[in-house]
Undergrad: 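Before I ask anything, let me first share the structure, which is written out below as C-alpha cells.
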Amino acid sequence: MDDTDTVGETVSRTSREGIETVTTRLSDAGEVVFRERGTMEHVLLLCFLVAASYMFWEASEFAASAAMFPRLTAGATIVLSLLLLGRNYLPGPLRRFVAEPAQLLGGDEDDVEADEQPTEQPTAGAYTYDIDDPRGPAVTAGLCVLYLGLTFTIGMLYATPIFVALFAWWAGIGRQRSIALVGVGFLTALVFYLVIAPEIAVGWYTGWEPPVPLFIGGGDTSAWATLTVLAGVGGGRTTCETARSHGTTADREGTTPCEHGVNPNP
Amino acid sequence: MTVESLFGAFETLLTFETMIWVVLGILLGIIVGALPGLGPPLGMAIILPMTAPLSPENAIILLIGIYSGSMYGGSIAAILINTPGVSSSAATMFDGYPMSKQGKAATALSISATASTIAGLFTITALILFSPFLVEVVLAVGSPERFLVAVLGLAMITVVTRGSVAKGLLAGVAGLLVTTVGSAPMSLDNRYTDSMLLYDGIDFVAVLIGLFAIAEMMKLAGQTGGIADQAVDIGGGIIDGAVETIKRPFTVFKSSMIGMIVGSIPGAGSTVSNFVAYSEAVRSSDDPDSFGSGNETGVVASEASNNGTVAGSLIPAISFGIPGSSSTAVLIAGLLMHNLRPGQSMFDPSGELALTYTMLLALLVGNVIILLVGLTLVTRLGILTRIDTNYLIPMVVVLSFLGTYALDSNPIDVVTIIVFGVIGFYMVRYNYSVIAFVLGVVLGGIAENNLYTSLQISDGSYMIFLNPIEYGWLSPLLVVAIVAILFGPFLKGRLDAYRESA
C-alpha cells in the first residue's frame with residue numbers, strides 16, 4: 001500500500017514538475033517573442049489567427065458574392081490578432097488603441113467606484129475574476145471531453161451518470177449524495193430519451209445501443225406516458241423527430257431535413 | 001391595426017397554457033437568479049433547446065420570463081449572503097446585506113420585490129406606449145442602415161465594455177466569422193463544409209450554450225465561496241418593505257428610467273445601469289453617508305434599475321436584432337430558432353406584431369407574479385443560497401449536453417459547446433468581451449444579408465454607405481457615429497494632451 005502510494009506520489013510529482021517545466025519554458029519563449037510572459041491569452045490569439053488565416057485563404061475557393069463577408073471578417077480578425085500579439089512592439093498611439101481601455105460610460109463607472117465602493121465593477125460584456133483552484137476548470141473541461149467521448153461510444157444515456165459520478169468523486173461529494181446526484185443525472189437523461197431525443201441512447205460513432213432499463217425497454221408504455229405527461233411536451237414529438245429517432249447513421253450525420261430553424265443564415 | 005394586434009395579444013396571453021409558461025418562466029428565473037454563479041443568460045441558454053417543441057409565443061414568453069424573474073432573483077443572494085446572484089444585483093449588496101445583518105432581511109427582500117415589480121410595470125407600459133413610434137423608426141430604415149446599425153451595435157459594445165477597443169473588436173469580428181461557416185445566405189454556396197456535419201453551419205444556440213453554460217461552469221469549478229454556510233435568519237417586516245418602496249416613488253421612477261435608457265445601449269446592460277442608478281441615488285440624497293450601511297433607498301434604486309433594464313434592452317433587440325445584453329442575445333437566438341426575424345416583421349401588424357405585444361404583456365403579468373412570489377415566499381427564499389455549486393456544475397453540464405444534442409442530433413453541436421466553452425472561459429479570463437462575440441454570432445447572418453443587399457442596390461459600390469445626396473442622410477450619420485464611438489475617446493485624449501501642453 002505504501003509502495004503504491006509512493007509510486008503514485010512519484011508519478012504525480014514527476015508529471016507536475018514536467019508540466020511546470022514545459023509551462024516555464026513556454027512562458028520564457030513568450031517573453032522573447034512577445035516581450036511579455038506567455039499566457040493562455042497568447043494561445044487564444046494564435047488560435048484566432050490560425051483559424052482566420054485558414055478561412056481567409058479558403059475563401060478564394062468560393063464565388064465572389066459568397067467570399068466577400070468571410071474575407072472581410074477573417075481579414076479583420078487576422079489584423080486585430082496580430083496587433084494584439086505584437087502590442088509591445090507598437091508605437092505609442094497605436095499601442096494605446098490596442099492595449100489601453102476606453103469606455104463610453106467610463107466616467108460614470110469610475111465615479112461610482114471611487115466614491116462608493118472599492119469593489120471591482122464588472123460590465124455586462126466583460127469582466128475578469130479570480131480562480132482559487134486552477135485545477136477546477138481543467139478537470140471540468142477534461143471531464144466534458146470524456147463525456148463527449150462516451151457520448152460517441154456508448155451514447156449519452158449512460159455517459160451522463162458516468163460523468164456525474166466522476167465529477168462527484170473529484171469534487172469530494174459524500175457517497176450517499178453522490179448516488180443521489182447520479183440518480184438525478186440518469187433520470188434527466190432518461191426523460192430526454194423518452195420525451196425529446198431517443199437517439200441519445202445510441203453511440204453516435206459506434207452505432208452501439210446499450211440496452212435501456214427494463215421497465216422502459218420492456219414495452220411498459222405507462223412509464224413512457226407518465227414521463228411524457230410530467231414533461232408536458234409529449235405532443236411536441238413530431239413525425240420528423242420520430243423518423244429521425246429510427247433513422248440510419250447517415251440520417252444522424254446532419255443530412256436530415258428535420259431542422260428546428262437553427263441556422264442563423266437561412 | 002396596432003390596436004387590433006394588442007387585443008389579439010391579450011387573447012393569446014389570457015389562455016391557461018400561456019399563463020403556465022409565464023409563471024414557469026418567472027419561477028425558473030428567480031431560481032437561476034438566486035443561485036450564485038448561474039444567471040439569466042445561462043438559464044435561458046440551457047432552456048433554449050428545450051423550447052423547440054413549443055409554439056413561438058410560448059417559447060419566447062418562457063425565455064423572457066426567465067430573464068425578468070432572474071433580475072429579482074439576483075437580489076436574494078445579494079441580500080442574504082452578500083454575493084450577487086447575478087452581476088446586475090451587485091449594488092443591492094451595498095445596503096441589502098447590511099439590512100440583513102440588522103435583522104431586516106425580509107424587509108430588504110420585500111423592497112426588492114416591490115421595486116422590481118413597479119419598475120417593470122412602469123417601463124414595460126412605457127415601451128408599449130412608445131412602440132408605435134418605434135414601429136415608424138424600424139419601418140423607415142433600409143438594408144444599408146440595418147447593416148450599419150449592426151456595425152454600430154458592435155462598435156458600442158467594444159467601447160462600453162471594459163478592456164481595449166482592439167480586444168472588443170476582435171471578439172466581435174471573430175463572432176461574425178463563426179457565422180460564415182455553412183451555406184452563404186444569398187447565393188447558398190457552401191463554405192468551409194469539408195464535413196457534411198457542417199452543412200448547416202455552426203449552430204449559434206450551441207455556441208451560446210458553450211459560452212454561457214460550459215464556460216461559466218469551468219469558472220465556478222475554480223472558485224470557492226458564494227454559498228451560505230448555515231441557515232440565514234430572515235427577519236423584519238414584509239409589509240414594511242412594500243411601504244418603504246411606495247414612499248419613494250421618485251427614486252423608483254428615476255432608477256427605472258435609468259435602467260431603461262442604459263439598457264437600450266448595446267452591451268451596457270443591467271450591471272452598468274445598476275451602478276449608475278445607485279450612484280445617482282447617493283448623489284441626490286440628503287444623507288449620502290448612510291448609504292452602505294442599510295439605507296432602503298439604495299436597495300430601491302438598485303432593484304428598480306435592473307428590472308427597468310429588461311424593457312430597455314428589448315428595444316434594440318426586437319427592433320434591429322441587436323442585443324442590449326447577454327440575456328437578450330439568447331432571446332434573439334430564441335426568436336431566430338423559432339423562425340422569427342427581429343426587425344420590421346416584429347412590428348408588422350400582418351406579421352409578428354401580435355407576438356411582440358404578447359411578449360410585452362407577458363412581462364407585465366410576470367412582474368405581478370414577481371411581487372406575489374416575492375412577498376409570499378420571502379421567508380423561504382434563503383434555501384436557494386445554500387445549494388452547493390458542486391451539485392450545480394454537473395447538472396448544468398448534463399442539461400447543456402442533452403439540450404444541445406436534442407437540437408439536431410448533430411454531434412458537431414456537442415463538440416461546439418466544449419470548444420466555445422473553453423474559448424469563452426479564456427475570453428472572460430483575459431478581458432475579451434463575450435457579449436461582443438455573441439453579438440457577432442447573432443448578427444452575422446443579418447449583417448451579411450444586409451451588406452449583400454446594399455451592395456446589390458449600389459452595383460457593388462460602398463458609396464451607398466457614404467453618399468447622402470443619392471442614398472439619404474441616415475447612412476452617413478451612422479458611419480460618423482461609428483467612427484466617433486471607436487476613435488472618439490482617443491481623439492479626446494490627444495486633444496486634452498494638446499490643450500495641457502499648450
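Residue numbers begin at 1 in each chain, while the letters A, B, ... track the order of the sequences.
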Undergrad: Is any NZ, NE, NH1 or NH2 atom of the basic residue among B:E448 and B:R191 found under 4.0 Å from an Asp or Glu carboxylate oxygen of the other?
TA: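 Here B:E448 pairs with B:R191 in a salt bridge, since their nearest N and O are under 4.0 Å apart.
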
Undergrad: Find the one option among A:L45, A:V43, A:L157, A:L166 whose heavy-atom pairs under 4.5 Å with chain B are most numerous.
TA: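 The option with the most such pairs is A:L45.
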
Undergrad: Is there a donor in the side chain of B:H338 and an acceptor in the side chain of B:S55, or the other way round, less than 3.5 Å apart?
TA: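 No donor-acceptor contact under 3.5 Å links the two side chains.
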
Undergrad: Evaluate side chain to side chain contact (heavy atoms under 4.5 Å, CB included) for A:F48 paired with B:L177, printing each intermediate quantity in order.
TA: CA-CA 10 Å; A:F48 280 140; B:L177 189 59; over 6 Å; no

Undergrad: Begin from the C-alpha positions of B:V207 and B:F437 and carry the test side chain to side chain contact (heavy atoms under 4.5 Å, CB included) through to its verdict.
TA: CA-CA 10 Å; B:V207 174; B:F437 189 84; 4.2 Å; yes

Undergrad: For A:M55, is it the side chain, the backbone, both, or neither that has a heavy atom closer than 4.5 Å to a heavy atom of chain B?
TA: both

Undergrad: Identify which part of A:V139 has an atom lying under 4.5 Å from any heavy atom of chain B, answering side chain, backbone, both or neither.
TA: neither

Undergrad: Output, in order, the C-alpha distance, side-chain angles, deciding distance and verdict of side chain to side chain contact (heavy atoms under 4.5 Å, CB included) for A:F62 and A:F69.
TA: CA-CA 11 Å; A:F62 310 149; A:F69 198 68; over 6 Å; no

Undergrad: What residue, out of B:F401, B:Y452, B:Y391, has the most heavy-atom pairs lying under 4.5 Å from chain A?
TA: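 Looking at each of B:F401, B:Y452, B:Y391 in turn, B:F401 comes out on top.
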
Undergrad: Hey, would you say the B:F94 and B:F291 ring centroids sit under 6.0 Å apart?
TA: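 Here the rings of B:F291 and B:F94 have centres that are no less than 6.0 Å from each other.
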
Undergrad: Between B:S164 (side chain) and B:K167 (backbone), is there a donor-acceptor pair under 3.5 Å?
TA: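 Between the backbone of B:K167 and the side chain of B:S164 there is a qualifying donor-acceptor contact (under 3.5 Å).
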
Undergrad: Angle class for the B:Y426/B:Y430 ring planes (parallel below 30°, perpendicular above 60°, tilted otherwise)?
TA: parallel

Undergrad: Under 4.5 Å heavy-atom distance to chain B, tell me which part of A:A59 shows up: side chain, backbone, both or neither.
TA: both

Undergrad: Taking every non-hydrogen pair under 4.5 Å, which of B:V398, B:N190, B:D189 racks up the most with chain A?
TA: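 Answer, by heavy-atom pair count under 4.5 Å with chain A: B:V398.
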
Undergrad: Name the region of A:I173, side chain, backbone, both or neither, that has any atom closer than 4.5 Å to a heavy atom of chain B.
TA: side chain

Undergrad: Would B:L335 and B:R341 satisfy side chain to side chain contact (heavy atoms under 4.5 Å, CB included), going step by step from the backbone distance to the final call?
TA: CA-CA 7 Å; B:L335 290 170; B:R341 307 289 290 182; over 6 Å; no

Undergrad: Side-chain donor-acceptor pair under 3.5 Å between A:Y193 and A:E199, yes or no?
TA: no

Undergrad: Where on A:V184 is there a heavy atom nearer than 4.5 Å to chain B: the side chain, the backbone, both, or neither?
TA: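 When you check distances to chain B, atoms from both the backbone and side chain of A:V184 fall under 4.5 Å.
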
Undergrad: Which of the residues B:V438, B:I417, B:D413, B:L169 is involved in the greatest number of heavy-atom pairs with chain A at under 4.5 angstrom?
TA: B:L169

Undergrad: Which answer fits A:L72, side chain, backbone, both or neither, if we ask what part of it has an atom under 4.5 Å from a heavy atom of chain B?
TA: side chain

Undergrad: Between B:L443, B:V397, B:L439, B:V414, which shows the greatest number of heavy-atom pairs under 4.5 Å with chain A?
TA: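 Winner by heavy-atom pair count: B:V397.
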
Undergrad: Using a cut-off of under 4.5 Å for heavy-atom pairs, which of A:T160, A:L181, A:V164, A:L83 has the most such pairs with chain B?
TA: A:L181

Undergrad: Using a cut-off of under 4.5 Å on heavy-atom pairs, state which of A:A51, A:C144, A:A171, A:S178 scores highest against chain B.
TA: A:C144

Undergrad: Which one wins on heavy-atom pair count under 4.5 Å against chain A: B:I214, B:I418, B:L399, B:L455?
TA: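 Looking at each option in turn, the highest pair count goes to B:I418.
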
Undergrad: Is it the side chain or the backbone of A:L143 that comes within 4.5 Å of chain B heavy atoms, both, or neither?
TA: neither

Undergrad: Please classify the contact of A:L44 with chain B as side chain, backbone, both or neither, using a heavy-atom distance under 4.5 Å.
TA: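 Contact with chain B: side chain only.
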
Undergrad: Between A:R87 and chain B, which part of the residue has a heavy atom less than 4.5 Å away: side chain, backbone, both or neither?
TA: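 For A:R87, the contact with chain B is made by the side chain alone.
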
Undergrad: Are the aromatic rings of A:Y205 and A:F152 close, with centres under 6.0 Å apart?
TA: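 That pair fails the under 6.0 Å test.
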
